[in-house]
Each structure stands twice: as structure tokens, then as C-alpha cells.
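First up is the structure itself, then whatever we jot down about it.
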2 protein chains.
Amino acid sequence: LVSVIERLKGKKSFLAAGLMSGTSMDGIDVALVRLTAAAESSGVDLVGFGTSPYPEELRGTLRDLAYGGQCSTEDLAVLHTGVAVAFANAFHATCRDVEVKAADVDFIGSHGQTVAHVPPTSGGTNLIAGTLQLGPPGMIAVLTGVMTVGDFRSADIALGGQGAPLAPYADYVLRRSRTQNRLILNIGGIANVTYLPANCSVGEVIAFDTGPGNMVVDELYRVLYPGEGSYDKLNELLTAAEPSHTLVERFLDMSYFGVAPPKSAGHREFGGRLAWEFLSQAESGGLRKVDTLASAVTLTTRSIHSALKAYVMPHGEIDEIFVTGGGSRNPIMMRELGMMFDPIVVRPIDDLGVPAEAKEAVDFAVLARESLLCRPNVLNAVTGASRASVLGTIALGA
Amino acid sequence: LVSVIERLKGKKSFLAAGLMSGTSMDGIDVALVRLTAAAESSGVDLVGFGTSPYPEELRGTLRDLAYGGQCSTEDLAVLHTGVAVAFANAFHATCRDVEVKAADVDFIGSHGQTVAHVPPTSGGTNLIAGTLQLGPPGMIAVLTGVMTVGDFRSADIALGGQGAPLAPYADYVLRRSRTQNRLILNIGGIANVTYLPANCSVGEVIAFDTGPGNMVVDELYRVLYPGEGSYDKLNELLTAAEPSHTLVERFLDMSYFGVAPPKSAGHREFGGRLAWEFLSQAESGGLRKVDTLASAVTLTTRSIHSALKAYVMPHGEIDEIFVTGGGSRNPIMMRELGMMFDPIVVRPIDDLGVPAEAKEAVDFAVLARESLLCRPNVLNAVTGASRASVLGTIALGA
């Protein structure tokens, strides 16, 4: 460790990689970035980016588990390895594509693959809580030969926090503006927001999971249109659809939406079970398939809108909204948000210089930098933990 | 990390803790040790030692899982936390008992709780393999405030190794002799040996799991004498028993015993399933309950004896055998071993200055020291991995 650290210490900037796979398990995102060593530095250059799909069988197993399937601990041990190998392969593939030598990469920040996230329900020291990301950093490190930081969520959970969201710290470092009150809206499987008032300090950041992102829409699309996986097709279907506001209203009554932050969500709240209930109510209301999809889209946009009205706007104005995650590529979702928030402009995060597809992976490279330099990399006011900590465990790969 | 490392670098000796819970899940062992920074140094003083039982319910759940029970990933995420809390509490309890301030401890090496171990079956790069230790180091670190190294087995598995045994590295560092050909025999749930020829180099060490330790005996005792958990009672029963050599011979035919090292074993090979088969054959042979127990003891001693004859003695002589683990406290097992190996003296490891109860926990403090100083801490000739690596992932606890 000493020699490894000496090497890092001498550097003013790093070549780093961020590895991310979200709850939708669409693929493993790899961002190669050059970033400065200085704390709170926003100097990040995206050197390269790539996405590698999971092997089909592995993805199927992971999805089953994330949706509540049972397994033995032996199954899970083997899956840990399978995910680590897939992450390492994804890293190597992107390095090859963008002609970067793996040996030149200083470190990797790997989120791993979440297959369970159980935040404390009553906050404080209630430890009937946990989080499970597959793909041990120790394995990724030896498979890539690059020092790897992983397991970013555990420590925050142990300190009574939600272990999520983690992106707000990176948003604060990389994306706050001197003059604009900015909102970063990530619509992944789950939707979450980071509110960054102009020129804000760490303590002024507000962030939380608003509720479903694409999770319910994706699940319904999979069930209603089996085998037609393309998102272009989904977007085409949605253009000819009409949401049922009665159905949406009914689901906006869910207890999650009434709880003030800190809060975080996952498959547990908005996964398969909810999608099936949504579908069953849509069917008993005689809704067309496309209208059921459209209603799920509106559940997402409406829940985002009301969350911001309830928990952000009372604290300050929003001048601009930058959308990231898969939702930023859904024109219907973007149009609905544009209308709801008018006159605030809703734009894809690409306008801030990072492709939506690469954003989260970039964030984990930044979080890993802080782990290695022993700087707290979580906003505990956001997660609800008793204190900020240096998240991430470090595998040397030596 | 930099500041943390500066602090470690300046030190010639460390106060460290090793945390261990074996496959039998009898309790969490905590060894507080003072050890020098120098590589290959055998200077370890045991400052204090304690064992804390798991909360009853947690232990029951862990045992079910280790014996092949099914669970959801959410269950497992919560168990991860439960084990981390139990480990942190055990650490604090021992610190209190021996009047050491937690803040004075430089680092913790935590084995965690194994609930699955699936070594590669065909060696090399076959990665249908994995290992799962509960109790993330990231959680233990923030719950104790002490830098914690954990997850020692993953990287070796990723390099095609068995991820076990790990004790041989510590045995090599702490227990080799200049003049004696020494064998360290650990009879825990599984039995494993480390052969240390006099004045040996790393490459001369031979080590592997010989097969069952106390696992089969314990399981049978639990089933045949429910509610009479005391080991004194077990030892008393055994004094009046007679093993069935026919039964033992039959089980010595198991394929595991015929495989040359590297090899490692766990619940999969010698857990509940095997115990039940052993019991069923004993019952159909009309064996008394006590004789069934005695036969399981002899299965352990005979499998150790034949493993040493087949895989150690052809490489060199054994002058002395030091026994550690629960088996060193079983007078019948010790007597059988003494008779089988006569004239080689079989002694408890306590004669080397470390109580058998503390030995493995001490080992993990030593392994953690190597992780932090970036020194390889595994014998890859023993595990079968493609290279030696620096095992363990580091959580700062900051």
C-alpha cells in the first residue's frame, strides 16, 4: 500500500475508470476519465466510454434475484465471481476500443451490480438494513491489474444512512454552477434528483430518490410486448398513447411519495411487484396496452414533479434541469417534464459536456478518487447517516 | 489514505486485531496482538483474546444458509449487516475486557463469516467458482473506527486458486523452525495442515485441507443428542465408545481423499449432507449412537493420517505435530492421532505460545499487516492460483 500510495501522491492528475451497471442491468458502463487530484475539482475529461452487455444467462439470473428470487449462498458466491469477470472484461473492452493501456489506468471505481438494497426504514441506528453489490473489488483488481475501489454503499448503511443516493456528491463536485440554481435529474430504473443552488456549499445540497424512473415502464414493456426489446419501438408506441390520469393518481397515493427525504428506493418499492399491480389495475380499468405504458411514464414524471414541489422548491428556485439516465432518451418523458416544469428549461445532461450514458460511471471514478485520498465522499444530510464517511473499500490488485 | 498510510509508515510495530469465525459458527474470536512491521517477522505478542457468541437467531440463520438453505438477496444484504455488527461488537467487547482502547488499535484483519465456498473444480482459469464471507470490512471499519482489511479469499479465487487455505502463509511467517520439520494441524470444522520443513523457504511449504475436522462429529452430536451442546459431555461419551472401522473405511473411499493438493473443502463436501449419509449407514449397520460419534472422530483422524502419508511424507520427514482448532481440545482425537503418528509427538499448538482458540484470529491480523504494507500474503503453490497476490480489501473507517 505504501508504495502504491507514494505513486498516487506524486501525481497532479489521474487516469481513472468508472464502472457502473444500474438496476435495469442493460449493460456495464465504463468511463475512462482524466481528473485532477485537487478536492472539489470539476476538471474531468472523458477520455473514452463504452458499454458491454452482460452474458445473456448471467443477466437473466441477476434479474431474477433482484426481483426477489431465491438462491443458495453458493449460487451467490459464484455470481459474485461472474459479475467481477464481466466488469473486468467490460473494462478491458473499453480500453481496447479507445486505445488506452490498462496498465496506464491509476485506479478503478466500481459500483458493482446491486441485487438488493434494504435501507433502514426508521432511520437512526436501526440496522435491519443492508445492501448487496455483486462483483468484489478484490476480484476486479486482480483481473484488471488496476487498483479498484468498490462496495461504496455498505459503510453509509452501517452509519444508519440509506446508502444512497451517491451521485449527489459527484454532482456537487462536478456540476454546481456559480450563477444558476441547478437540478440534476437522473431517470434510471429509479429517478433521483440533486438540487445545487448557485454557488452552494455541501450543506445546501438537497438530493433523494423521487420514486420510479424507467423501472415500471420497462417491466410493463417487457411483459406486454415480449421479445420486442428495442427502445425505439417503445418510444414509437408511446407517441400514439394516452395516459390514464385516474390510474396515475391512484398510485401517486403510495406512502413512499409522502415521506420527506432522506429516502431511497429500489426494486423493493418499484420493481416487479408494483408493475404487476399497476398492470392488474390498468386491465380491470379496460386500458389499452399502449395507454398502460403511457400511464407508467406519467407516473414517473408526475412523481418527479410533485416531489420537487414538496421537497425542493420550498428551499429555493430552480433555474435549469439537466436530465440524465435512460429517461433523457425518452422523448415522451422529456416532453411531459418540459410541459410540467415550464418555464424552467429541461435539457439532457449532455449539454453539460457528459453523455447521459456515461454520467454515472464518471461519478464513480470521482468517488474512488476521494476514497484513495481519504476524503469524505458522501453527503450524509442526503443519505441520513450519522456522519459523512470515506466510502469505498480498496483492493490493491498487486 | 495518504495520511493514514503516513501514520502506519512511521511505526515499527503495530497494535492490531484479528477477527475470525469458523464454519462451526461457535463464536467470533478476537485476538489483540502487537506485531512488528518487518516482513517475515515472527514477533507477535498476544495482548488479549476473547470470544463472543453470535446472537442465537443470527447463528441459526447463518447455519441454515451454510447448509444449503435458500434465501433472497435482500435477506443476505441484511445478514451482511448483522454479521458486521456482531463482529464490531465482539471487537469492542474484547477491547473492554482487556482494557485496550479501540482508538489505539492500528488496524483490524477480519476473516468474516464464510457462508459459501465454491473453489474451482478443474483448477486453472475455470471461474465457476466463488466464495462468500459476510460482514463487509467497510461496515466493520466505521462501526469500530478502526481501518479494517477483509474479503481475503476473493482475489485468489479470481486468479484460479482455491481461495484457501490462508493460514499457511501465517504459519510460515510465525511458526517455522530453524531445526525442526514441523507440521501445523488445524482441526476446525475442516481439517487442514501446513508442513514447514526446517528452515524452509516459501516454495517448500505444503498445505491443504485434509478433509473433515469436527464438522461431521459436531453435526452428528447435534442430531443424536439434541440439546446437550456441551463438549465436555461429548468427550465423556466418546471415552466409552468404539469406532466402526468398516464404516470409516467406506467413507475413506470418497473421491476428495484421492485428489492430490491443491484442494480445499467446506460444508459442500463434509457438511450436513455427508453427516446424514454417515448416520444412515451407521444406523443400517446397527451402530450405537456413541459408536457412530466415535466413527466420525476416526474418519477425521484416519483421513488426516492417510493424507499426510500420501501427500506430505513423500516430500520430507515430520519431526513434530502441533494441533490447533477445536480438535486439539478433544482428548480422544488427540489420543488417536498420537497413536497413529507415534513416534512423532503430537502436541497442542499452545506449546508454541499461542492458545489454540486464538490461533486463527492471530493469523488474520498478520495477513492484514501484509495487505496494508502491500506484500503478497498467500502461498499460491498451496492455493493453486496463477500467481501470489496481496489478498484483502481495505476500508479506511474514516
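Predicted model only: the values in this text are computed from it and were never measured.
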- Yes or no on side-chain hydrogen bond (donor to acceptor under 3.5 Å, both in side chains) for A:D156 and A:T383, after CA distance, side-chain angles and deciding distance? CA-CA 8 Å; A:D156 191 76; A:T383 65; 2.9 Å; yes
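Although no hydrogens or angles enter the test, the distance criterion places no donor-acceptor pair under 3.5 Å between the side chain of B:E370 and the main chain of B:R375.
Heavy atoms closer than 4.5 Å to chain B are found nowhere in A:A84, neither backbone nor side chain. Residue A:R268 touches chain B through both its backbone and its side chain, counting heavy-atom pairs closer than 4.5 Å. Residue contact with chain B, scored on non-hydrogen atoms closer than 4.5 Å, involves the backbone and the side chain of A:S154 alike. In this structure, chain A has heavy atoms under 4.5 Å from both the backbone and the side chain of B:S389. Both the backbone and the side chain of A:V115 come within contact range of chain B, each with at least one heavy atom under 4.5 Å from a heavy atom of that chain.
Residue A:R273 places its CZ atom among 12 or fewer non-hydrogen atoms of other residues, nucleotides or ligands, all under 6.0 Å distant.
There is a side-chain donor-acceptor pair under 3.5 Å between B:R153 and B:H111. For the residue pair A:S371 / A:N377, a side-chain donor-acceptor distance below 3.5 Å is found, with atom types taken as modelled.
Taking 4.0 Å as the cut-off between side-chain N and carboxylate O, B:D209 and B:K263 do not count as a salt-bridged pair.
Contacts of B:T23 classified as side-chain contact (heavy atoms from CB on, under 4.5 Å), with partners at least two apart in sequence or in another chain: B:M215, B:H267.
Between chain B and the options A:C71, A:A66, A:S72, A:P136, the largest number of non-hydrogen pairs under 4.5 Å is found for A:C71. Between chain B and the options A:Q133, A:H80, A:R387, heavy-atom pairs under 4.5 Å are most frequent for A:R387. For the set B:V149, B:L79, B:D151, B:L132, the entry with the most heavy-atom pairs within less than 4.5 Å of chain A is B:L132. When each of B:G138, B:P376, B:P137, B:G392 is scored by its heavy-atom pairs under 4.5 Å with chain A, the top score falls to B:G138.
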